[in-house]
S.K.: 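Here you go, one structure.
Residues: numbered from 1 along the sequence shown.
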Amino acid sequence: MAEYAYSCKATTKCDVYSFGIVLMELITGRKPTDVEFGENKNITSWVAWKVASNGGAMDILDKRLSCLFKDEMMQVLGIAMRCTCTMPSLRPAMNEVVQLLMELDICKLKSCKELNKFNESLPAIEANDPNGL
């Protein structure tokens, strides 16, 4: 749940918090209040608990993506955790978040190049095949 719902006060730090939640959703493939988290828990508390456990950070990554983008997802997880820091004063400004994400430059990374090679190795789909196979 967005921090604004708790504080009823709109701030730029609340926006950063909300963006951090979106990043966590993308990384984990889960909704912010997934039933797996348990009663009265949300994605931020679940992620923090998993990261604190031995090797748990790898368990939270969306398995559909982590085989190709594990390192990048872990870097984005670090950014998401900074965005959702309990103390608003310790959260980065949104322009810093953007800068951190831009520094990742995903398409220059090894995993993206591997994905491109994989896609190039797939056979071309025939235009006249009605089943798309």
S.K.: Do Met94 and Ile79 belong to the same hydrophobic cluster, where Ile, Leu, Val, Met, Phe, Trp and Tyr are linked whenever their side-chain heavy atoms lie under 4.5 Å apart, directly or via other members?
M.R.: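 Yes; Ile79 is reachable from Met94 via cluster members.
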
S.K.: Check for a donor-acceptor pair, side chain of Ser45 on one end and backbone N or O of Lys41 on the other, with a separation under 3.5 Å.
M.R.: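 No.
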
S.K.: Can you sort out the partners of Glu96 under side chain to side chain donor-acceptor pair (under 3.5 Å), two or more places apart, ordered by chain and number?
M.R.: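 Checked Glu96 against side chain to side chain donor-acceptor pair (under 3.5 Å); matches are Arg82.
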
S.K.: Using 0.5 Å steps for rounding, measure from the CG atom of Asp15 to the CZ atom of Arg91.
M.R.: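 Answer rounded to 0.5 Å: 10.5 Å.
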
S.K.: Can you give me the closest heavy-atom contact between Gly20 and Ala80, atom names plus distance?
M.R.: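 Looking at all heavy atoms of both residues, the closest pair is O-CB, 3.7 Å.
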
S.K.: Are Leu26 and Met74 linked, directly or through intermediate hydrophobic residues, by side-chain heavy-atom contacts shorter than 4.5 Å (ILVMFWY only)?
M.R.: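 Unlinked, Met74 and Leu26 end up in two clusters.
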
S.K.: Can you pull out every salt bridge (charged side-chain N to carboxylate O under 4.0 Å, His left out) where at least one residue sits in residues 46-62? Sequence neighbours excluded, please.
M.R.: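 As it turns out, the salt bridge (charged side-chain N to carboxylate O under 4.0 Å, His left out) pairs with a partner in residues 46-62, which skip direct neighbours, are Asp62-Arg64.
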
S.K.: Any non-hydrogen side-chain atom of Val16 less than 4.5 Å from a side-chain atom of Thr84?
M.R.: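 No - every pair of side-chain heavy atoms lies 4.5 Å or more apart.
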
S.K.: Using 0.5 Å steps for rounding, measure from the CE atom of Met24 to the SG atom of Cys83.
M.R.: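 Answer rounded to 0.5 Å: 8.5 Å.
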
S.K.: Considering only residues two or more places apart or on different chains, which pairs with a residue in residues 42-65 satisfy ring pair (Phe, Tyr, Trp, His ring centres under 6.0 Å)?
M.R.: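 Pairs touching residues 42-65 that pass the test: Phe37-Trp46.
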
S.K.: Hydrophobic clusters here meaning ILVMFWY residues chained together by side-chain heavy-atom distances under 4.5 Å, can you tell me if Leu100 and Leu104 are in one?
M.R.: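 Cluster IDs for Leu100 and Leu104 match.
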
S.K.: Report the distance from atom CG of Leu90 to atom NZ of Lys13, rounding to the nearest 0.5 Å.
M.R.: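 Going from CG on Leu90 over to NZ on Lys13, the span is 8.5 Å.
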
S.K.: Return the CG to CE distance between Leu61 and Met73, rounded to the nearest 0.5 Å.
M.R.: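 Answer rounded to 0.5 Å: 4.5 Å.
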
S.K.: Measure the shortest side-chain to side-chain distance between Leu101 and Val97 over non-hydrogen atoms and say whether it is less than 4.5 angstrom.
M.R.: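 Heavy-atom side-chain distance check passes, below 4.5 Å.
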
S.K.: Can Val22 be reached from Val76 by stepping across I, L, V, M, F, W or Y side chains whose heavy atoms are under 4.5 Å apart?
M.R.: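 Val76 and Val22: separate clusters.
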
S.K.: Would you indicate whether the side-chain heavy atoms of Met81 and Val51 approach each other to under 4.5 Å?
M.R.: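 Answer yes - side chains close enough.
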
S.K.: Can you confirm whether Ile60 sits close enough to Leu77 that some side-chain heavy atom of one is under 4.5 Å from a side-chain heavy atom of the other?
M.R.: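 Result yes, sub-4.5 Å side-chain heavy-atom pair found.
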
S.K.: Write out all pairs satisfying salt bridge (charged side-chain N to carboxylate O under 4.0 Å, His left out) with one or both partners inside residues 20-29, taking only residues at least two apart or from two chains.
M.R.: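 Residue pairs with at least one partner in residues 20-29: there are none.
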
S.K.: Side chains of Ile43 and Asp34, heavy atoms from C-beta outward: is any pair under 4.5 Å?
M.R.: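 In short, these two side chains do not touch, never coming nearer than 4.5 Å.
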
